[in-house]
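Read through the structure below, which is laid out as structure tokens, and then see the notes.
Values below: all heavy atoms of this structure, side chains included; hydrogens, waters and symmetry mates excluded.
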Amino acid sequence: MKGKYFILGCIMFAACTQKSPIKSEENTPLGVQQAWALWTNEDGSQEEFEQLVETYYCQNDSERQVLFESLSRIFEQIFQSGDMLMVELLRPTQLTNAAEPQSSDWIMSGYSPLAHFSDDMFANKLAFVTIMNFPHYSLEEKNLLGHNWSRQEWAYARMGDIFTTRVPAEVKARMAQVLADAENYIADYNIYMGNLRTEDGRQLWPNDKILLSHWNLRDELKALYPSNNLEERGANREKQEMIYKVMQRIVEQSIPQEAVNGSNFIWQPYDLETTEKHEPYTRYEKILNIAHAYFEEDAYCPTAPTGIQRNFEEGVEIPAAELDSLFRALISSKQVAQVADIIRERLGRELRPYDIWYDGFKARASLNEDELSAQTRKLYPDAEAFASHMPMMLEKMGFSPMKSKEISSHIAVEPARGSGHAWPCLGRNEDARLRTRIPATGMDYKGYNIAVHEFGHCVEQVLDMYFIDYYMLSGVPNTAYTEASAFLWQHRDLQLLPDARIGNGIANPDEVLDQFWSMYEIMGVSLVDMAMWQWIYRHPNASAKELCEATQQIAKEIWNAYYEPVLGEHDCILLAIYSHMVNSPMYLPNYPLGHIVQYQLEEHLAQYKTQAEFADEYARIYQLGRLTPKEWMIQAVGEAPSIEPILRAVDTLCEVPQKQ
């Protein structure tokens with residue numbers, strides 16, 4: 001048997017590790033080649049590698065299936081246990097129902113229980129056993145071959161994605177620390193709106209209005225649209241203009257330092273001559289800290305040597321250039337001007353840059369938000385109240401009472417310090433966690449809308465964990481696909497209230513226009529985020545001040561090309577306001593991709609006439625698991641991700657002749 005499985009034609013792999021290929025016979029399995037490529041002198045001699053192969057390489061399909069089931073159990077327990085430990089350690093810094101965070105809690109917020117996982121698995125050789133029996137396939141190979149794979153073959157391929165690099169634990173730990181530091185910074189970036197003053201000294205908001213940047217600032221601005229009262233509309237526009245100015249000050253870092261989470265600092269956003277000390281480029285320092293952690297990882301990732309490549313080609317599994325082209329195709333489409341004309345007519349004025357967040361298309365635009373907030377505050381004074389209504393919400397979506405209770409039983413609702421998020425379960429003995437921000441006065445409508453968004457994440461996370469056929473297929477292709485689920489639920493928030501008055505979804509033409517305008521907005525934001533990271537990699541030694549200036553320039557260029565013709569104002573920097581650019585590197589493109597996927601799902605699900613049929617098909621789709629984005633969409637709706645469906649729909653609504 002000796003020598004039977006040794007590497008033939010592995011020059012490419014050997015080159016990656018700066019070692020010569022060893023002598024071998026023909027037909028060396030791909031997994032053995034890949035294992036040898038990651039073998040180092042510290043792992044042992046060539047003879048020891050040969051012995052490992054002879055001992056652990058599976059000789060037939062039956063042996064491989066037994067090994068697969070064993071490894072699946074092992075990895076589920078490890079991932080789940082590490083995640084549950086992290087959840088407990090982060091409670092004080094992330095949840096309001098925990099003790100006030102102490103200095104030790106902030107230190108531990110950057111700790112990663114799984115930082116040493118890869119090192120440990122290579123040290124005990126289990127990583128090599130996994131690699132040799134379950135090889136890694138490139139994205140191109142998955143898309144080419146995967147269409148004909150069985151569910152088991154897909155699960156085998158995903159197991160082959162676990163060990164593809166050997167980034168040292170200390171490097172991973174540094175990345176975890178800087179990400180946690182950025183998250184803590186953003187989670188506490190509150191603007192006390194009652195402290196803002198107009199140029200003539202007036203106060204526009206009550207003292208207790210506190211808004212987190214950028215989420216709450218944006219949502220407050222959006223909530224100021226629906227008004228038929230001319231006097232109220234004028235007052236609302238004054239508030240929108242002030243929020244817009246605050247956002248500019250944050251992006252350019254001209255915001256006074258004391259205004260960031262400062263409860264007693266009175267200031268005028270329009271006063272650019274203020275002598276107060278400005279925030280010292282902290283926003284951009286956090287981004288650079290993450291960039292430097294990426295640079296450390298780069299040296300250990302020869303097949304994807306930049307954070308950009310790893311994020312898009314291995315994480316999102318769609319190349320950045322492909323997303324860039326997709327986004328630019330929509331924001332440069334003729335449909336943008338058509339929808340802008342509709343907004344201009346409804347507002348009765350020329351458009352302003354912040355109208356990128358126009359919110360008048362939503363079904364709730366005709367309703368009074370104060371009345372909605374009064375209703376949601378009464379219904380949801382705390383997290384427990386929201387949790388108690390989750391089975392009812394699921395039943396309204398068409399799930400049976402039994403299935404609704406089962407899904408809800410795996411979702412924990414927790415009060416968040418930040419804007420809220422969904423924390424997925426990594427095993428079948430832990431809950432998906434719905435984190436939402438709930439003030440002492442109860443959940444207002446905006447908070448409820450966000451909570452329903454997070455609920456959509458959690459339902460998806462439960463379906464593709466607890467109802468999946470293979471643990472290694474649990475999850476979705478990338479975060480855009482869970483965002484699609486969250487958007488799908490969020491668009492039905494009014495339908496999910498106990499006394500629902502409006503049925504949401506794309507049946508309403510305005511909802512189609514809302515979807516399109518949301519894509520137009522977030523695609524520009526995403527292009528800025530992607531271009532910023534490309535700039536960082538071209539300027540690895542840049543200072544925070546230089547990054548601040550470069551980011552503004554990037555935002556201006558994208559604005560001038562695609563948004564100024566529609567919304568006006570040359571050199572606007574609004575597209576750089578999103579907090580994700582600070583605490584979630586390269587995450588933003590998932591949102592527009594999620595909108596694209598959501599619209600295709602909505603169009604597909606619209607053919608199901610009853611709520612029960614809708615729920616069954618939604619569940620089928622979200623139990624496809626972690627295929628590639630392209631293959632998942634083909635199996636879900638019959639076509640790859642595309643902007644053509646939404647463009648066709650907008651064409652029809654705006655009565656624009658179809659493009660020949």
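Applying the salt bridge (Lys or Arg N to Asp or Glu O under 4.0 Å) test to pairs two or more places apart or on separate chains, none has a residue in residues 625-639. Residues in residues 450-468 take part in no salt bridge (Lys or Arg N to Asp or Glu O under 4.0 Å) pair, two or more places apart or across chains.
Here the options are Phe487, Tyr448, Trp489, the test is ring pair (Phe, Tyr, Trp, His ring centres under 6.0 Å), and the partner is His453; only Phe487 passes.
Between the side chains of His491 and Glu511, at least one donor N or O lies within less than 3.5 Å of an accepting N or O. Between the side chains of Gln553 and Glu549, no donor-acceptor pair is found at a separation under 3.5 Å. Judged by distance alone, the side chains of Arg328 and Tyr562 do bring a donor and an acceptor atom under 3.5 Å apart. For the residue pair Asp298 and Tyr537, a side-chain donor N or O sits within less than 3.5 Å of a side-chain acceptor on the partner. In the model, Tyr578 has no side-chain atom that pairs as donor or acceptor with a side-chain atom of Ser526 under 3.5 Å.
Across all non-hydrogen atoms, the minimal contact from Ala550 to Trp535 is CB-CE2, 3.3 Å. Summarising the geometry of Lys222 relative to Trp357, their closest heavy-atom pair is CG-O, 3.3 Å, with the distance given to 0.1 Å. The shortest non-hydrogen separation linking Trp149 to Ala157 is CZ3-CB, 3.6 Å.
The pair Asp651-Arg648 fails the salt-bridge criterion, with no side-chain N (NZ, NE, NH1 or NH2) lying under 4.0 Å from an Asp/Glu carboxylate O. Between Glu252 and Lys556, no side-chain nitrogen of the basic residue sits less than 4.0 Å from a carboxylate oxygen of the acidic one, so the salt-bridge criterion is not met. The pair Lys446-Asp219 does not meet the salt-bridge criterion, since no charged nitrogen lies less than 4.0 angstrom from a carboxylate oxygen.
Residues Met581 and Thr551 have side chains in contact (heavy-atom distance under 4.5 Å, counting atoms from C-beta outward). When side chains are defined from C-beta on, Tyr481 counts as touching Pro629, because their heavy atoms get closer than 4.5 Å.
Not a single donor-acceptor pair under 3.5 Å links the side chain of Glu313 to the backbone N or O of Leu139. Looking only at distances, no side-chain donor or acceptor of Glu483 sits under 3.5 Å from a matching main-chain atom of Pro592.
In this structure, CZ on Phe327 lies 10.0 Å from CE on Met519, to the nearest 0.5 angstrom. Note that the CD1 atom of Ile343 and the OH atom of Tyr225 stand 8.0 Å from one another [nearest 0.5 Å].
Trp559 and Tyr563 have parallel rings, their planes meeting at less than 30° on a 0 to 90° scale where 60° marks the start of perpendicular.
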### Task
Before giving the answer on salt bridge (Lys or Arg N to Asp or Glu O under 4.0 Å), spell out for Arg352 and Asp355 the whole-Å C-alpha distance, their side-chain angles and the decisive distance to 0.1 Å.
CA-CA 5 Å; Arg352 294 282 291 138; Asp355 291 325; over 6 Å; no
### Task
Run the numbers on Tyr189 and Tyr185 for ring pair (Phe, Tyr, Trp, His ring centres under 6.0 Å), then give the verdict.
CA-CA 6 Å; Tyr189 205 106; Tyr185 165 75; 5.5 Å; yes
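Ring centers of Trp215 and His580: under 6.0 Å apart, within the cut-off.
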